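Quantities reported herein were computed from a predicted structural model and do not represent experimental measurements.
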Amino acid sequence: MKIQCVMLCIMLLSLFLIEADVSAPAPAPAPAPVAECCNVMELVPCAAAFTTSTPPSPECCERLREQPRSCICQYMKDPTLEKFINTSNAKMVSDSCGSPMPTNC
C-alpha cells in the first residue's frame, strides 16, 4: 500500500511538473515585475500535500508563505495549475501553514 501511494505521488508530481513546464507561456519581451517573482516550481514540495491527504512538510509551508498573494492568484487562474491550487486539499494545506489562500483574486 505504501509503495502504491509513493508511486502515485511520484506520478502526480511528474504530471504537475510536466504540465507546468509544457503549458508555460512564452516569455514576453518585457515581463512585469510580478511575473518575474512568480515561480510555481517553488511549490513542488507541496505537490503531495496538495494532491493527497499528506500533511504539508515544513519546507512546503515555508515555500507557501514566501509566495506573494498575487502569484497564488495567478496560479489559481491558470487553467493548468488551478486543478492543483483550487482544491480543498490545497486550502487545508495553506490554512495549516498559516498562509490562507486569497479569496479576492
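In terms of heavy-atom proximity, Pro45 sits nearest to Ser57 at O-OG, 4.1 Å. Annotation for Thr52 and Asn89: closest pair O-ND2, 2.9 Å, computed over non-hydrogen atoms.
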* Could you walk me through whether Val40 and Gln74 pass the side chain to side chain contact (heavy atoms under 4.5 Å, CB included) test, one step at a time? => CA-CA 10 Å; Val40 73; Gln74 181 179 335; over 6 Å; no
- request: Applying side chain to side chain contact (heavy atoms under 4.5 Å, CB included), run through Thr87 and Lys83 and close with a yes or a no.
  value: CA-CA 7 Å; Thr87 66; Lys83 59 188 162 205; 5.7 Å; no
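Rounded to the nearest 0.5 Å, atoms SG (Cys38) and CD (Gln67) are 7.0 Å apart. Atom-to-atom distance recorded for Ser94:OG and Ile72:CD1 is 8.0 Å, nearest 0.5 angstrom. To the nearest 0.5 Å, atom OG of residue Ser99 and atom CZ of residue Arg69 are 7.0 Å apart. The line from CZ of Phe50 to CG of Leu64 is 5.0 Å long, rounded to the nearest 0.5 Å. Atom-to-atom distance recorded for Lys91:NZ and Thr103:OG1 is 9.0 Å, nearest 0.5 angstrom.
Not counting sequence neighbours, Glu66 has no partner by the salt bridge (Lys or Arg N to Asp or Glu O under 4.0 Å) test.
Within the 4.5 Å cutoff, no side-chain heavy atoms of Phe84 are placed close to those of Cys46.
Remark: Cys60 SG to Cys97 SG, distance not under 2.5 Å.
With hydrophobic clusters built from ILVMFWY side chains whose heavy atoms lie under 4.5 angstrom apart, Met92 does not share a cluster with Met76.
Although no hydrogens or angles enter the test, the distance criterion places no donor-acceptor pair under 3.5 Å between the side chain of Tyr75 and the main chain of Asn86. Arg63 places a side-chain N or O within 3.5 Å of a backbone atom of Glu42 that can act as its donor or acceptor partner.
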